[in-house]
Amino acid sequence: SHLPQDIVDKVQNHPCYSEEAHHYFARMHVAVAPACNIQCHYCNRKYDCSNESRPGVVSELLTPEQAVMKVRAVAANIPQMTVLGIAGPGDPLANPERTFSTFRMLSEQTPDIKLCVSTNGLALPESVEELAKHNIDHVTITINTVDPEIGAKIYPWIYWNNRRIRGVKGAKILIEQQQKGLEMLTERGILVKVNSVMIPGVNDDHLKEVSRIVKQKGAFLHNVMPLIAEAEHGTFYGVMGQRSPEPEELQNLQDACSGDMNMMRHCRQCRADAVGLLGEDRGEEFTMDKIEEME
Ligand code: SF4
Ligand code: SF4
């Protein structure tokens, strides 16, 4: 690994950030954030945010109070649980009240659990202060492009200052906000991982450039994930026949990026309510009705 020691210390018991840790430490996500402020062509709002998660599974939406109850129940039953993330089902920072009241309660009640959040980045610059306040030391930004022309093919619109902004103009604002948010976070010493969805024919070649730029701006890990284009829900909205990358194409791109960037290769594209070690999902054991019974 080419990571500096202070970062290694921070990430060593985080299952997503350390290849070794993911065998021993567990994470959970709580689905408290239903709304989103952009539209990705690969998203189907009926399911979890495809920022990280596989399309096709609907999470049980929780109130912040229910989320805290759930975290406490899981922490009591899974001692390896070190990390709590908010990843959806929409964009956590487009639901600031729900997201931040969850973080506020958790930082008081379960101070040993590390908190992290993933976002499309549109509302990131205005959220950095608040994120720092709640001691969030890891943020994941999904950055699929740094070029507004490519962006317009991925994002049909964004919702910005109470208006819907379409096409290249919207994509340009999103890209600027993502880059600004990334810089603000790394300046404050908050770790940033960048997720990118590899979309063949749209941004595949371009992701090497993205990797180079985000590394330069201080992101510590790049996670290139395959577009999951499934017949019923994963089709690239409006673009029939958009395919997913072949495993070999994904690996070649990850190899090409890895020359100057640490690449994450064990991401499991977990659901917005995943519980347990990566690769195992114990979410079914901790549904709200079961947690209420445990109380
Ligand atoms: Fe969907 Fe996530 Fe994109 Fe929002 S950011 S449109 S929830 S994939
Ligand atoms: Fe970690 Fe990837 Fe799962 Fe997020 S989706 S919790 S980064 S393995």
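As the structure lists them, so they are numbered: ligands from 1, and atoms in each ligand from 1. Not measured: the values here are computed from a predicted model.
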Practice item. Could you tell me which residues satisfy side chain to side chain contact (heavy atoms under 4.5 Å, CB included) with Asp147, sequence neighbours excluded, listed by chain and number? Key: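 Partners of Asp147 by the side chain to side chain contact (heavy atoms under 4.5 Å, CB included) criterion, ordered by chain and then number, come out as Thr145, Glu149, Ile150, His206.
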Check your understanding: So does Cys40 have any N/O/S atom less than 2.8 Å away from atom 4 (Fe) of ligand 1?
Key ->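 Cys40 does not place any N, O or S atom closer than 2.8 Å to atom 4 (Fe) of ligand 1.
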Exercise for review: Give the numbers and elements of all ligand 1 atoms closer than 4.0 Å to a heavy atom of Asn120.
Suggested key: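 Checking each atom against Asn120, I get 5 (S).
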**Study point:** Trace of the side chain to side chain donor-acceptor pair (under 3.5 Å) decision for Thr140 with Lys193
**Key:** CA-CA 5 Å; Thr140 298; Lys193 162 173 142 262; 3.2 Å; yes
Review point. Considering all heavy atoms of both residues, which atom of His138 and which atom of Ile190 are nearest to each other, and what is their separation?
Key: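 His138 and Ile190 have their closest heavy atoms at N-CG2, 4.2 Å.
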Please list every donor-acceptor pair under 3.5 Å in which a side-chain atom of residues 99-113 meets a protein atom from a residue at least two apart or in another chain.
unit_1, atom_1, unit_2, atom_2, d
Thr99, OG1, Pro92, O, 2.8
Thr99, OG1, Asn95, O, 3.2
Ser101, OG, Glu97, O, 3.1
Thr102, OG1, Arg98, O, 2.7
Ser107, OG, Phe103, O, 3.0
Ser107, OG, Arg104, O, 3.1
Gln109, OE1, Arg72, NH1, 2.7
Thr110, OG1, Leu106, O, 3.1

Review point. Given Ala94, Cys36, Ala33, which has its nearest heavy atom closest to atom 4 (Fe) of ligand 1?
Key: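 It is Cys36 whose heavy atom sits nearest to atom 4 (Fe) of ligand 1.
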